[in-house]
Engineer: 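Dumping the structure here so I can ask a few things about it.
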Amino acid sequence: EKEPVTVLVTGAAGQIGYALVPMIARGVMLGPDQPVIIHMLDIEPAAEALNGVKMELIDAAFPLLKGVVATTDVVEACQGVNIAVMVGGFPRKEGMERKDVMSKNVSIYKAQASALEQHAAPDCKVLVVANPANTNALILKEFAPSIPEKNITCLTRLDHNRALGQISEKLDVHVSEVKNVIIWGNHSSTQYPDVNHATVKTTDGEKSVRVALANDNWLNTEFITTVQQRGAAIIKARKLSSALSAASAACDHIRDWVLGTPKGTWVSMGVYSDGSYGIQPGIVYSFPVTCEKGQWSIVKGLKIDEFSREKMDATAKELMEEKTLAHSCLV
Ligand code: NAI
């Protein structure tokens, strides 16, 4: 039997946490033959609820689950962690200024960066889910200089999956037949869901999505806004933000990162920019990536048209502004 992998979930008493931990314990994240130990962190006001989640994990008698730690102590939570899924954060409440929310999250991610750096396994892979996800990941990177920057990512896979979902609905094909959409930029409403390289499997071979949809104007208009605004639509419908789809996307993100992407398929991940596609280094930006042997690499050489260029730059600009705002919270 394989050695267990230790997975940290912060904010584990919250909505996404509640959907995510059973997926991890069932092998959805790391595979059906990979035992896991789950560390769950939350804050004092949620300690009792967190313990309730631990009780349910025990009650579910998961064969792969070799241990559960539920704690409000960040050092205990980070100890020996191989994979850290950072879901905990301070939500924007009505009447709060952007800067106030940013300031709360900057201090959370600064503190948790140090704890991960000091106590996690040296090759720990980090996925930031909590919003503002890209900028929280950037702060984590800046305050954990000994963690390789390639190990720090943020979640845009939910947006990626939403884009696949919209196209499959429109074409009336199964979602698994559609691939290679791209989410560029920020996990916010400025993100750019790009279909220019997306393909769909049809009975007469693989086709470009644009060709399959006869270049329907929908792709340049409603498709983009639907994906950008999907989070808000879920809140309107559920009176709560997306949780099961976010948890599932977090599992997809880590699974593909650790176990690799299928040949010919890429996914979207928020990663520290290396300057690819003219996106300035120094921000965490969502790019198309392929993964192999536990390493992601940005897909190179895709043709970018003017329509895309403008949208890719606009979302980069927003991330630069978020970075400035985040840094102004540090002083
Ligand atoms: P939630 O409010 O239900 O849960 C958040 C949990 O984090 C709470 O239990 C809270 O006590 C905890 N928490 C707060 N400060 C903490 C700290 N310093 N350390 C550890 N835990 C802490 O929220 P939900 O719905 O689970 O969402 C979590 C985050 O994920 C939010 O920031 C949300 O905006 C974000 N999100 C991101 C998505 C993405 O695609 N990147 C998609 C959906 C949500």
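Remember, predicted model here, so these are calculated numbers, not experimental data. Start at 1 and go down the list; that is how both ligands and their atoms are numbered.
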Engineer: Right, does atom 2 (O) of ligand 1 have protein non-hydrogen atoms nearer than 4.0 Å?
Structural biologist: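 Looking at atom 2 (O) of ligand 1, one finds that no protein heavy atom lies closer than 4.0 Å.
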
Engineer: Please confirm whether Lys311 makes a cation-pi placement over Trp184, using NZ or CZ under 6.0 Å from the six-membered ring centre and within 45° of the ring normal.
Structural biologist: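 Not flagged: Lys311 not positioned over aromatic ring of Trp184.
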
Engineer: Side chains of Glu76 and His119: donor-acceptor distance under 3.5 Å anywhere?
Structural biologist: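 Judged by distance alone, the side chains do not pair up.
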
Engineer: State, without any angle test, whether Gln191 and Thr315 hold a side-chain donor-acceptor pair at a distance under 3.5 Å.
Structural biologist: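 On atom types as modelled, these side chains do not qualify, holding no pair under 3.5 Å.
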
Engineer: Does any non-hydrogen side-chain atom of Tyr192 lie less than 4.5 Å from one of Asp313?
Structural biologist: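 A side-chain contact is absent here, since even the closest heavy-atom pair is not under 4.5 Å.
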
Engineer: Compute the shortest N/O to N/O distance between His187 and ligand 1 and return yes if it is under 3.5 Å, no if not.
Structural biologist: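 Such a contact does occur with ligand 1.
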
Engineer: Under 4.0 Å from any heavy atom of Ile43, which atoms of ligand 1 are there?
Structural biologist: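 Counting from 1, the qualifying ligand atoms are 11 (O), 14 (C), 15 (N), 16 (C), 17 (C), 18 (N), 19 (N), 22 (C).
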
Engineer: Which residue owns the protein heavy atom closest to atom 44 (C) of ligand 1, what's the atom, and how far is it?
Structural biologist: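 For atom 44 (C) of ligand 1, the nearest protein heavy atom comes out as Ile16 CD1, 3.4 Å.
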
Engineer: Output yes when the distance from some N or O of ligand 1 to some N or O of Gln112 is under 3.5 Å, and no in every other case.
Structural biologist: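 The answer is yes, given that Gln112 and ligand 1 share an N or O pair closer than 3.5 Å.
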
Engineer: Would you kindly specify which portion of Leu158 sits under 4.0 Å from ligand 1, judged on non-hydrogen atoms: side chain, backbone, both or neither?
Structural biologist: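 It is the side chain that touches ligand 1; the backbone stays farther off.
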
Engineer: Do Asn151 and Asp123 have side-chain N/O donor and acceptor atoms under 3.5 Å apart?
Structural biologist: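 The answer is no; no qualifying pair exists.
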
Engineer: How far is atom 37 (C) of ligand 1 from its nearest protein heavy atom, and which residue and atom name does that atom have?
Structural biologist: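 Nearest protein contact, heavy atoms only, for atom 37 (C) of ligand 1 is Val129 O, 3.0 Å.
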
Engineer: Against heavy atoms of Val87, which atoms of ligand 1 measure under 4.0 Å?
Structural biologist: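 Selected atoms, number and element: 28 (C), 29 (C).
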
Engineer: With heavy atoms only and a cut-off of under 4.0 Å, state how Ile108 meets ligand 1: side chain, backbone, both or neither.
Structural biologist: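 Side chain only.
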
Engineer: Students should be able to answer this: which protein heavy-atom is nearest to atom 25 (O) of ligand 1, and at what distance?
Structural biologist: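 Nearest neighbour among protein heavy atoms for atom 25 (O) of ligand 1, to 0.1 Å: Gln15 NE2, 3.0 Å.
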
Engineer: Just let me know how Arg157 lines up against ligand 1, side chain, backbone, both or neither, with a heavy-atom cut-off below 4.0 Å.
Structural biologist: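 Neither part.
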
Engineer: Does even one non-hydrogen atom of Gly89 get within less than 4.0 Å of ligand 1?
Structural biologist: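 Heavy atoms of Gly89 do come under 4.0 Å of ligand 1.
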
Engineer: With a 3.5 Å cut-off and no angle check, do the side chains of Ser245 and Asn161 form a donor-acceptor pair?
Structural biologist: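 Judged by distance alone, the side chains do not pair up.
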
Engineer: Does the distance from a Lys or Arg side-chain N to an Asp or Glu carboxylate O, for Asp256 and Arg157, drop under 4.0 Å?
Structural biologist: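 Looking at Asp256 and Arg157, the cut-off is met.
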
Engineer: For atom 11 (O) of ligand 1, what's the nearest protein heavy atom and its distance?
Structural biologist: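 Checked against all protein heavy atoms, atom 11 (O) of ligand 1 sits closest to Asp42 OD1, 2.5 Å.
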
Engineer: Does NZ or CZ of Lys141 lie under 6.0 Å from the centre of the six-membered ring of Tyr272, at an angle within 45° of the ring axis?
Structural biologist: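 Pair Lys141/Tyr272 counts as cation-pi.
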
Engineer: Using a 4.0 Å cut-off to any heavy atom of Ala130, which atoms of ligand 1 qualify?
Structural biologist: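 Those of ligand 1 that fall under 4.0 Å from Ala130 are 29 (C), 30 (O), 32 (O), 35 (C).
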
Engineer: Within a distance under 4.0 Å of any heavy atom of Ser242, pick out the atoms of ligand 1 and give their elements.
Structural biologist: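 Taking each heavy atom of Ser242 in turn, ligand 1 has 43 (C) under 4.0 Å.
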
Engineer: Does Ala46, backbone or side chain, put an N or O under 3.5 Å from an N or O of ligand 1?
Structural biologist: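 No.
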
Engineer: Can you confirm whether some protein heavy atom lies under 4.0 Å from atom 23 (O) of ligand 1, or whether none does?
Structural biologist: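 It does not; no protein heavy atom is within 4.0 Å.
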
Engineer: For the residue pair Thr225 / Arg230, report whether a side-chain donor-acceptor contact shorter than 3.5 Å exists.
Structural biologist: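 Thr225 and Arg230 do not have a side-chain donor-acceptor pair below 3.5 Å.
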
Engineer: Once you measure the plane-to-plane angle for Trp257 and His253, does it fall in the parallel (<30°), tilted (30-60°) or perpendicular (>60°) bin?
Structural biologist: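 Perpendicular.
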
Engineer: Which heavy atom of the protein is the closest neighbour of atom 4 (O) of ligand 1, given with residue, atom name and distance?
Structural biologist: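 Of the protein heavy atoms, Gly14 CA, 3.3 Å lies nearest.
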
Engineer: After noting the C-alpha distance and the side-chain angles of Asp274 and Lys300, does the key distance pass the salt bridge (Lys or Arg N to Asp or Glu O under 4.0 Å) rule?
Structural biologist: CA-CA 12 Å; Asp274 64 352; Lys300 305 280 181 186; 3.2 Å; yes

Engineer: Checking contacts here: is it the side chain or the backbone of Ser241 that comes within 4.0 Å of ligand 1, counting heavy atoms only? Could be both or neither.
Structural biologist: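 Within the 4.0 Å criterion, Ser241 contacts ligand 1 through side-chain atoms alone.
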
Engineer: Within the 3.5 Å criterion, strictly below it, is a donor on Ser103 or Asp100 matched to an acceptor on the partner's side chain?
Structural biologist: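 Checked: Ser103/Asp100 side chains show no N/O donor-acceptor pair below 3.5 Å.
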
Engineer: Evaluate Asn131 for polar contact with ligand 1, using N/O atom pairs at a separation under 3.5 Å.
Structural biologist: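 By distance alone, the answer is yes.
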
Engineer: State whether Glu1 and Lys66 are salt-bridged, where the test is any N-O pair (Lys NZ or Arg NE/NH1/NH2 against Asp/Glu carboxylate O) under 4.0 Å.
Structural biologist: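 A salt bridge links Glu1 with Lys66.
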
Engineer: If we only consider heavy atoms of Ala243, is any one of them less than 4.0 Å away from an atom in ligand 1?
Structural biologist: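 Per 4.0 Å heavy-atom rule, Ala243 does not contact ligand 1.
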
